[in-house]
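Because the structure is a prediction, the values reported are computed rather than measured.
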Amino acid sequence: MHMSDGLLNAPVSIVFLVVAAVGVGFALVKARADLDDRTAPMAGLVATFIFAVQMINFPILPGASGHLLGGALAAILVGPWVGALCVTIVLVVQALLFADGGLTALGANVTNMALIGTAAGFVVAVALRRFAEKGKGGLAAVAFISAFVNTLLAATGFIVEYAIGGAGGVEIGKVALLMWGLHALIGIGEGLITAVTVTSVASIRPDLVHLLKGSRKPLEVRS
């Protein structure tokens, strides 16, 4: 999912840098309402976990790789705004310290993974929230579906950006086939990891799961 320098032409890279800056800025403002003494430590743990799983990369194209994203996981646990910031921080650290994703492509990477991915995961989770409130199985299913959709839509963002200003010398049809095909498989793995992680947190501290806040009845997930 990470784009490297030179995979997009300069105008498109600049456009998505602006898009990412506006989106992250808006998330920063909105996140203030969600951060408190309980969610701040959780946000740190979420960012650390996402950083770890994103370090496992699978080459797709010259200058592009696939990996777990973590957007849905972050959105379900700490909300879409804080979740977007968690993923953004991970991407910035990876680009600056580990050369994982190019600096000129940082805007596109943030747009795909921190904005599109997190938003998609959260929208799906909210739409299916009534199932998540029914118990551990429902919550796991919602987390899985949200993560799977998050992965495919983030990959779609990559494809659209490449179609607009790709400079990698590979046909858009091949790019789409590779990105959707591999990320469908990655989405299954991400869905399983997200489901296990979310239900594990909910089993111990359901009050720390953002998706369940305001639930009309306590979630019964303890064994």
Rounded to the nearest 0.5 Å, how far does [atom2] of [Y] lie from [atom1] of [X]?
{"X": "Thr199", "Y": "Lys136", "atom1": "OG1", "atom2": "NZ", "answer": "5.5 Å"}
{"X": "Lys134", "Y": "Leu139", "atom1": "NZ", "atom2": "CG", "answer": "13.5 Å"}
{"X": "Thr194", "Y": "Leu69", "atom1": "OG1", "atom2": "CG", "answer": "9.0 Å"}

Nearest heavy-atom neighbours spanning [X] and [Y]:
{"X": "Thr88", "Y": "Ala114", "answer": "OG1-CB, 3.2 Å"}
{"X": "Leu211", "Y": "Val142", "answer": "CD2-CG1, 4.3 Å"}
{"X": "Val12", "Y": "Gly165", "answer": "CG2-CA, 3.6 Å"}
{"X": "Asp36", "Y": "Pro41", "answer": "O-CD, 4.3 Å"}
{"X": "Ala202", "Y": "Leu212", "answer": "CB-CD1, 4.5 Å"}
{"X": "Ala176", "Y": "Ile159", "answer": "CA-CD1, 3.6 Å"}

Residues in side-chain hydrogen bond (donor to acceptor under 3.5 Å, both in side chains) contact with [X], at least two apart in sequence or another chain:
{"X": "Thr197", "value": "none"}
{"X": "Asn9", "value": "none"}
{"X": "Glu190", "value": "Asn150, Thr151"}

**Study point:** Stepwise side-chain contact (heavy atoms from CB on, under 4.5 Å) test for Leu103 and Leu96
**Key:** CA-CA 8 Å; Leu103 290 177; Leu96 293 177; 3.6 Å; yes

Got a donor-acceptor contact below 3.5 angstrom from the [X] side chain to the [Y] backbone?
{"X": "Ser146", "Y": "Ala72", "result": "no"}
{"X": "Tyr162", "Y": "Val170", "result": "yes"}
{"X": "Thr39", "Y": "Asp34", "result": "yes"}
{"X": "Thr118", "Y": "Leu115", "result": "no"}

Do the non-hydrogen side-chain atoms of [X] and [Y] ever get within less than 4.5 Å of each other?
{"X": "Leu192", "Y": "Val196", "answer": "no"}
{"X": "Val24", "Y": "Trp81", "answer": "no"}
{"X": "Gln94", "Y": "Asn109", "answer": "no"}
{"X": "Cys86", "Y": "Val82", "answer": "yes"}

Check your understanding: Does Val18 sit in a hydrophobic cluster with other residues, and if so which ones, taking ILVMFWY side chains as linked at heavy-atom separations under 4.5 Å, directly or through other members?
Key -> Val22

Is [Y] reachable from [X] through a run of hydrophobic residues whose side-chain heavy atoms are each under 4.5 Å from the next?
{"X": "Val123", "Y": "Val126", "answer": "no"}
{"X": "Leu17", "Y": "Ile116", "answer": "no"}
{"X": "Phe98", "Y": "Leu91", "answer": "yes"}
{"X": "Leu7", "Y": "Leu177", "answer": "no"}
{"X": "Ile204", "Y": "Leu45", "answer": "no"}

Review point. Where do Thr111 and Glu161 land on the side-chain contact (heavy atoms from CB on, under 4.5 Å) test, with the steps shown first?
Key: CA-CA 10 Å; Thr111 298; Glu161 291 158 4; 4.0 Å; yes

Review point. Going through the distances and angles, do Leu178 and Leu182 end up as a side-chain contact (heavy atoms from CB on, under 4.5 Å)?
Key: CA-CA 6 Å; Leu178 289 171; Leu182 182 56; over 6 Å; no

Review point. Would Trp180 and Thr156 count as having a side-chain donor-acceptor pair, cut-off 3.5 Å?
Key: yes

Review point. Going by atom types alone, do Asp5 and Thr104 pair a side-chain donor with an acceptor below 3.5 Å?
Key: yes

Review point. Can you pull the ring pair (Phe, Tyr, Trp, His ring centres under 6.0 Å) pairs that have at least one residue in residues 112-151, sequence neighbours excluded?
Key: Phe122-His210

Review point. Can you name the residues that form a ring-ring contact (aromatic ring centres under 6.0 Å, His included) with Phe49, not counting sequence neighbours?
Key: none

